[in-house]
Structures are given as structure tokens and as C-alpha cells.
Amino acid sequence: MTNGEIAEVFERISGLLEMKGEKSFTIRAYQRASRTIERLPTEVDAMVRNDEDLTEIPGIGKAISEKISELVNTGALQYLVRLKDEFPPGILDLMQIPGLGPKTTVRVWKELGVTTVDQLEAVVDDGSLAALPRLGKKSAENIRKSIKFARSKSDRVPIARAMSVTRQLTNSLREGCPGISQLIVCGSLRRFEETIGDVDLICVTEDGDKALNTLAELPDVADVLGHGGAKTSVVLKSGLQVDMRVTPADQLGAMLQYFTGNLQHNVMLRDRANSLGLSLNEYGLKDVETGDLETFVDEESLYDRLGMQFVPPEIRMGESEVSAALAGNIPKLVDVSDLKGDLHAHTDWSDGRDPMETMVEAAKARGLEYIAMTDHSVGRGIANGLSIERLKGHMALVREVEAAVGGIRVFCGTEMDIRADGSLDYADEILKELDWVVASVHSAMGQDAAVMTERVIAAMKNPYVSAIGHLSTRLIGERKPIEADYEAIFRAAADTGTVLEINGSLERLDLKDIHIARARELGAMLVISTDAHMTESLRNLDHGARQARRGWCEAKHILNTLDAKQFGAWLAMDKSERSIKSAAHA
DNA sequence: GCCGTTTTCGGCCCGACTGTTTTCAGTCG
């Protein structure tokens with residue numbers, strides 16, 4: 001049973017308990033457990049079988065731990081079975097309709113016999129919903145709109161799409177309201193989550209009403225969900241929800257903190273504030289005794305006032321970061337400015353857009369000290385992969401371009417297919433001529449976990465394979481990751497001296513955050529790469545760095561923070577001798 | 001249901017907006 005499936009069970013329990021009217025703290029405990037399990041890098045199933053103590057996991061106590069064991073051992077949970085018996089089947093889907101909370105859901109079921117979305121629509125149409133006490137015509141209309149919205153709306157949006165929509169939106173807002181002095185993207189986008197539920201904006205302006213009205217009246221807005229003096233919520237025609245809050249500049253710190261979240265991080269910070277006799281809200285810190293409000297111009301001063309280190313947005317997940325910040329244990333996370341080179345880039349020799357010289361010039365213009373040209377191997381026929389003859393020409397061109405451009409090292413590389421049977425697309429005699437070999441899975445992605453694990457580890461054992469590219473092969477929101485024993489692969493990476501890539505393409509962000517953290521813990525080396533197919537994509541270094549930050553990486557964990565000289569020394573080592581430390585301060 | 005430099009019992013974040021109400025419950029984030 002996967003962590004996702006176990007998390008789903010507890011999510012359903014919390015929903016049913018809400019309808020039952022259970023204590024809110026119990027409900028939250030199940031929700032928290034669900035989130036926690038979803039983000040665990042190791043399989044809970046295996047932990048149970050190995051007899052590990054699940055109550056070591058924060059938010060998992062005796063009761064939930066026992067329920068997990070029952071789930072893993074029997075495949076079912078009697079507690080959930082009994083709970084489900086108290087409600088009609090499918091009623092949890094009803095509660096998914098925006099605006100329909102647990103109370104209203106139970107009312108339409110008990111008072112109108114509604115148990116499905118279709119039946120809900122019927123009681124809206126025939127007026128019986130509006131006739132219920134404490135509901136009315138407006139509530140009914142809102143529910144009608146919500147049903148329509150819920151039917152058309154997809155789930156969370158991949159970050160790449162959310163970013164482009166947000167860029168257009170902020171441009172429109174600035175145009176429509178020149179009085180805006182700052183427009184800051186917060187929420188899951190600022191945390192750099194791989195999928196985004198809605199876009200959260202903070203607007204710093206003297207005239208809040210004007211800014212909020214501008215948002216509500218944008219031509220791109222399909223529906224206004226709420227519109228007051230402090231915030232406005234809209235749904236764009238693209239289906240994306242946007243929430244905007246306004247603040248004066250002198251209170252920006254607390255508003256940034258509040259609107260960046262995540263929820264659990266905020267709860268933990270407010271808990272910390274309480275322990276100091278203070279109460280934290282989006283305006284500042286309120287003294288509980290006197291009611292005086294202390295305001296903050298920036299987040300740094302707010303965290304400092306709470307007696308803790310600043311927590312970078314990318315790791316505000318409500319996990320261990322708050323206790324780490326209180327203890328002074330937040331490391332200096334890697335920054336894009338630490339990256340000295342790029343080790344995964346394509347040219348028009350395979351499926352890239354730009355000539356090699358253009359790519360190298362662009363990398364130099366970005367301030368990079370080195371770049372590896374890694375066009376596809378022969379097996380990628382569809383991507384114009386390089387035959388051995390062409391690869392030799394490619395290598396010759398690398399030397400020419402390096403000399404012609406000057407001031408930047410250019411390495412001969414390849415992105416080589418790991419074939420379905422674990423064999424490689426080029427022979428060792430060819431590979432040993434190359435400086436840098438990225439091996440990637442591009443085919444037979446549906447293999448079962450055992451076969452796939454062996455396939456990848458076989459590639460790692462090759463002495464000339466430098467790195468594994470985009471290990472999971474996922475495309476966020478489009479293609480599922482491969483099934484494999486990631487833990488075993490990370491251990492093999494550390495054992496063999498094979499580097500694991502953090503692919504900075506926004507469509508991939510592969511490895512994912514929890515895998516980065518786990519690979520790092522297990523001692524695997526990591527590299528942040530662009531996988532650029534055109535010069536503009538060299539900016540993927542920014543995305544890759546932010547993804548690495550989500551995995552709590554410091555510069556010392558990332559191979560391409562080495563400068564050109566150090567990296568050259570690293571390359572000169574035998575693979576079995578390679579580690580980042582071995583070259584970093586040579 | 002979880003958790004503990006204040007606690008093994010008694011706490012558990014905080015506020016905006018809406019609709020149907022004359023003071024607030026429900027929902028959301």
C-alpha cells in the first residue's frame with residue numbers, strides 16, 4: 001500500500017468526522033497525519049513490515065499508528081468501514097463542492113435526501129434548497145455556480161502553467177492600477193510547490209480599494225467569489241483562483257508571512273507567538289495583555305522578534321523547519337548565484353533549437369564558467385540522436401567552440417539512453433572519450449519497480465556514467481513518475497559515485513523535493529541542471545536552485561557549485577573516488 | 001488525536017467575507 005493511498009484513507013476519515021461533528025482537534029489530527037504521510041520519502045508500508053515505531057513521526061501517535069498497521073497488514077481499516085456505514089456512499093464528493101462545508105452537506109442529505117451532485121443540482125433548480133431555514137436564494141445561486149465550476153475545474157495546476165498565468169495577471173493589474181507600488185506573489189508559488197491550488201497576491205498600495213476593484217473588474221475574470229475592503233477573490237477564465245490582499249508598506253512583513261504559509265507553518269508560528277504572550281495575525285504581533293500591535297516592514301524582523309532564524313519560503317512546510325529555526329539550525333541554502341556551470345544542455349545537433357556556439361555564448365553571458373553539451377544518443381531517433389560518427393563531429397565542434405568563444409570551459413557530453421534492458425546506448429570505448437555522461441530513461445517507463453530499479457542501478461555501475469538525468473521521468477500533471485525503489489537507487493548513487501540530477505525544467509522539477517532531501521541524507525551527490533533546449537532555458541538554473549532549496553540543499557551538496565578549476569579536478573578523478581568534498585577545497 | 005523547558009491533562013491559530021440574520025454561523029484559506 002503506497003503512502004498516497006494511506007494518506008487518502010486518513011483524509012477521508014477527517015471528512016467523515018467533520019460531517020459527524022467530531023471535535024475539530026481530532027479532525028485536524030487526521031488531516032495533519034494525512035499530509036505528513038503523503039510527504040514521507042520512505043514507504044510507510046515497509047516501515048510497518050520492518051516493525052519500525054511510527055509514533056516517531058511527528059503528528060502520528062498511538063491511535064493513528066495502530067490504524068496504519070491495520071491498514072498495511074489487512075488492507076482495510078474497520079474504523080473507516082464503520083464510519084462510512086453512517087453516511088450514504090459518495091457523500092464526500094458532495095462536500096468537495098466549494099461553499100458546501102460539512103454542516104450544509106449533512107443538512108441537504110438529512111433534510112432533502114441529497115447524496116449526489118446531480119441531486120444537489122435538482123434541489124437548487126426546484127427551489128427546495130433555497131427554502132431551507134438559514135439558506136436562501138443567494139446561497140442556492142452560489143451553489144449552482146459552484147457545481148458548474150467544480151465540474152469544469154481541474155485539480156491543482158502545474159507550476160509552469162500557474163507561473164505564466166500569474167505573469168500575465170500581474171502585468172494586467174499593474175497596467176490597470178498604476179498606484180500599485182509592489183505586487184508580490186505569495187502562497188504556494190512563492191514556496192515553489194510543484195502544483196499550485198490558487199494564486200495569492202499581496203498588493204502594497206496607498207489605495208487598497210482601487211487595487212481590489214481593479215482585480216475584480218479585469219476582463220480575464222470569470223467570477224468574483226468575494227470582494228471586501230481587505231481582500232478580493234476571483235476565478236479567472238482559465239479556471240485558476242486568485243486571492244489578493246492589500247497592505248500598507250509598514251505592515252508588509254506580517255502580511256507576507258501570513259500569505260506565504262503554508263497553513264501548518266503559520267499554525268506553528270502562531271503557537272510560538274502564543275508562548276511569548278503574543279498573538280500573530282496578518283497585521284503583526286499583538287500583545288495579548290495590552291492589545292498593542294507591533295508591526296513589521298519585512299519578514300526578517302518578524303522571525304527575529306519571534307526569537308528564531310528567518311525561514312526561507314521554499315521550506316515553509318510546517319515540518320521540522322520551525323524547530324530548526326528556533327535552535328538556529330537552518331542551513332544556508334544553495335542559491336542560484338552559487339551555481340558556476342551547467343551540465344545538461346542540448347543544441348541543434350539533436351533536438352535543441354540553437355547552435356552550440358549560441359548556447360555557449362549565452363551561458364558565458366549568464367556568468368557561467370563551464371557548460372557541458374549533452375545532445376541525445378543514437379537511440380533517441382525521434383530526437384535526432386547522435387550516431388557515433390556524428391558524436392565524434394560533435395566532440396570536435398566542442399573543442400572549436402570552446403576556443404572560439406573563450407573564457408568558458410566547454411565539456412564534451414551526452415545525454416545517453418538507458419535502454420529497457422539496462423544496457424547503454426554507447427559502448428564504453430566511446431563513453432570514455434567524453435568528459436561528462438548523463439544517462440537517462442526515455443523509454444519503457446512503465447516497467448515494474450524491480451525491473452526499473454535494476455535498470456537504473458545497472459547504468460550507475462558503469463564507470464563512465466557521470467550522472468542520472470531526470471530520474472523519475474515525470475512531467476508534472478501529465479506523466480506519472482516511474483515506479484522504482486528510490487531509496488535503493490539513492491544508496492547506489494552514493495556507493496558508485498554517480499551524481500543525481502535535479503532537472504530545473506519547470507515541467508519536470510525532477511528529482512522532487514522529498515527525494516532530493518532523502519538522496520542528500522543518504523550521501524548522494526546532486527547537480528542542478530537546465531536540460532536547456534534553447535538559450536532562454538538556461539534560466540532553469542533558477543528553478544533548479546529553488547527546487548534544491550526545497551530539499552534543504554546547501555552549496556556543498558551541489559556539484560556545480562564547484563568553480564571550473566575545482567570541477568576539472570573532480571572530473572579527473574576516478575569515478576569510485578569522486579565526492580564533492582574531494583574537489584571542493586582542493 | 002497529539003503532545004509536553006508550563007503540562008501525562010488540558011490545551012490546541014486567526015481573521016475575512018457572505019448570507020441570513022438583527023448578532024452570528026458557516027466556509028475558506
Side-chain angles (χ1 to χ4, degrees), chain A residues 10 13-14 17-19 21-34 36 54-68 79 95-108 129-143 145-146 186-188 196-201 208 212 216 224-235 241-247 254-255 257-286 288 293 306-307 318 322-323 326-327:
Chain A
F10 290 114
I13 289 176
S14 84
L17 290 179
E18 272 193 290
M19 284 190 283
E22 183 59 76
K23 286 198 308 288
S24 62
F25 306 107
T26 310
I27 294 161
R28 257 188 262 156
Y30 280 109
Q31 279 170 353
R32 187 180 170 207
S34 174
T36 302
L54 297 178
T55 64
E56 297 279 310
I57 302 167
I60 311 278
K62 186 163 176 287
I64 292 183
S65 159
E66 284 171 357
K67 289 186 173 69
I68 294 172
Y79 178 69
M95 207 169 54
Q96 296 304 312
I97 304 290
L100 223 63
K103 299 284 201 302
T104 314
T105 303
V106 170
R107 283 192 66 194
V108 297
L129 184 110
L132 288 182
R134 293 202 62 83
L135 286 165
K137 268 168 98 171
K138 281 206 161 180
S139 300
E141 268 323 298
N142 283 338
I143 288 172
K145 280 199 291 188
S146 290
C186 295
S188 48
I196 272 60
D198 52 29
V199 175
D200 297 314
L201 295 175
L212 294 174
V224 178
L225 300 175
H227 185 41
K231 64 179 275 194
T232 291
S233 296
V234 301
V235 178
Q241 182 173 331
V242 178
D243 299 328
M244 186 163 86
R245 302 220 32 171
V246 290
T247 180
M255 188 62 83
Q257 195 290 308
Y258 157 77
F259 222 26
T260 298
N262 71 5
L263 173 66
Q264 189 59 29
H265 179 83
N266 287 4
V267 168
M268 291 166 105
L269 245 56
R270 287 165 175 180
D271 187 47
R272 167 65 181 168
N274 289 345
S275 74
L276 299 172
L278 303 166
S279 172
L280 174 63
N281 59 31
E282 59 262 54
Y283 307 110
L285 280 169
K286 203 165 60 183
V288 174
L293 183 73
L306 290 171
V322 170
S323 57
L326 284 166

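Just so you know, these numbers use all the heavy atoms, side chains as well, and skip hydrogens, waters and symmetry mates. Lettering follows sequence order; numbering is per chain, from 1.
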- Query: Paired with B:dT18: which nucleotide, if any, by Watson-Crick or G-U wobble criteria at under 3.5 Å for both distances?
  - Reply: B:dA25
Checking all strands, does [X] fall into the base, sugar-phosphate, or nothing category for heavy-atom contacts under 4.0 angstrom?
{"X": "A:P102", "result": "sugar-phosphate"}
{"X": "A:L269", "result": "nothing"}
{"X": "A:K62", "result": "sugar-phosphate"}
{"X": "A:Y283", "result": "sugar-phosphate"}
{"X": "A:G261", "result": "nothing"}
{"X": "A:S24", "result": "nothing"}
{"X": "A:I27", "result": "nothing"}

Provide the distance between the two [atom1] atoms, one in [N] and one in [M], to the nearest whole Å.
{"N": "B:dT20", "M": "B:dG26", "atom1": "P", "result": "14 Å"}
{"N": "B:dC9", "M": "B:dA16", "atom1": "P", "result": "38 Å"}
{"N": "B:dC12", "M": "B:dT18", "atom1": "P", "result": "29 Å"}
{"N": "B:dC13", "M": "B:dC3", "atom1": "P", "result": "14 Å"}
{"N": "B:dT7", "M": "B:dC2", "atom1": "C1'", "result": "13 Å"}
{"N": "B:dG15", "M": "B:dT8", "atom1": "P", "result": "29 Å"}

- Query: Does A:L280 reach the side chain of A:Q257, with side-chain heavy atoms less than 4.5 Å apart?
  - Reply: yes
If the cut-off is 4.0 Å, is [X] near the phosphate of [N], judged by side-chain N/O to OP1 or OP2?
{"X": "A:R28", "N": "B:dC13", "value": "yes"}
{"X": "A:K286", "N": "B:dG15", "value": "yes"}
{"X": "A:S233", "N": "B:dA16", "value": "no"}
{"X": "A:T104", "N": "B:dT27", "value": "yes"}
{"X": "A:N142", "N": "B:dT18", "value": "no"}

Is a donor on one side and an acceptor on the other found under 3.5 Å between the side chain of [X] and the backbone of [Y]?
{"X": "A:S279", "Y": "A:K286", "value": "no"}
{"X": "A:N274", "Y": "A:G277", "value": "no"}
{"X": "A:D200", "Y": "A:C186", "value": "no"}

- Message: Any carboxylate oxygen within less than 4.0 angstrom of a Lys/Arg side-chain nitrogen, looking at A:K62 and A:E66?
- Response: yes
Closest to side chain of [X], choosing from [options]:
{"X": "A:K67", "options": "B:dG1, B:dA16, B:dC13", "value": "B:dG1"}
{"X": "A:S139", "options": "B:dT20, B:dG15, B:dT27", "value": "B:dT20"}
{"X": "A:A230", "options": "B:dC14, B:dA16, B:dT20", "value": "B:dA16"}
{"X": "A:E282", "options": "B:dG1, B:dA16, B:dC13", "value": "B:dA16"}
{"X": "A:K103", "options": "B:dT18, B:dC13, B:dT27", "value": "B:dT27"}

- Query: What distance do A:L129 atom CG and A:L135 atom CG have between them, rounded to the nearest 0.5 Å?
  - Reply: 5.5 Å
- Quick one: pull up CZ in A:R28 and CG in A:L17 and give me the separation to the nearest 0.5 Å. 13.5 Å
Tell me the interatomic distance from [X], atom [atom1], to [N], atom [atom2], rounded to whole angstroms.
{"X": "A:I57", "N": "B:dC3", "atom1": "CD1", "atom2": "P", "value": "11 Å"}
{"X": "A:K145", "N": "B:dT18", "atom1": "NZ", "atom2": "C1'", "value": "12 Å"}
{"X": "A:N266", "N": "B:dG29", "atom1": "CG", "atom2": "P", "value": "14 Å"}
{"X": "A:I64", "N": "B:dC2", "atom1": "CD1", "atom2": "P", "value": "4 Å"}
{"X": "A:R272", "N": "B:dT5", "atom1": "CZ", "atom2": "P", "value": "12 Å"}
{"X": "A:L285", "N": "B:dG15", "atom1": "CG", "atom2": "C1'", "value": "15 Å"}
{"X": "A:R245", "N": "B:dA16", "atom1": "CZ", "atom2": "P", "value": "6 Å"}
{"X": "A:E18", "N": "B:dG26", "atom1": "CD", "atom2": "C1'", "value": "12 Å"}

- Message: Using heavy-atom distances to pick each residue's nearest nucleotide on DNA chain B, tell me which of A:S275 and A:L212 is more 5'.
- Response: A:S275
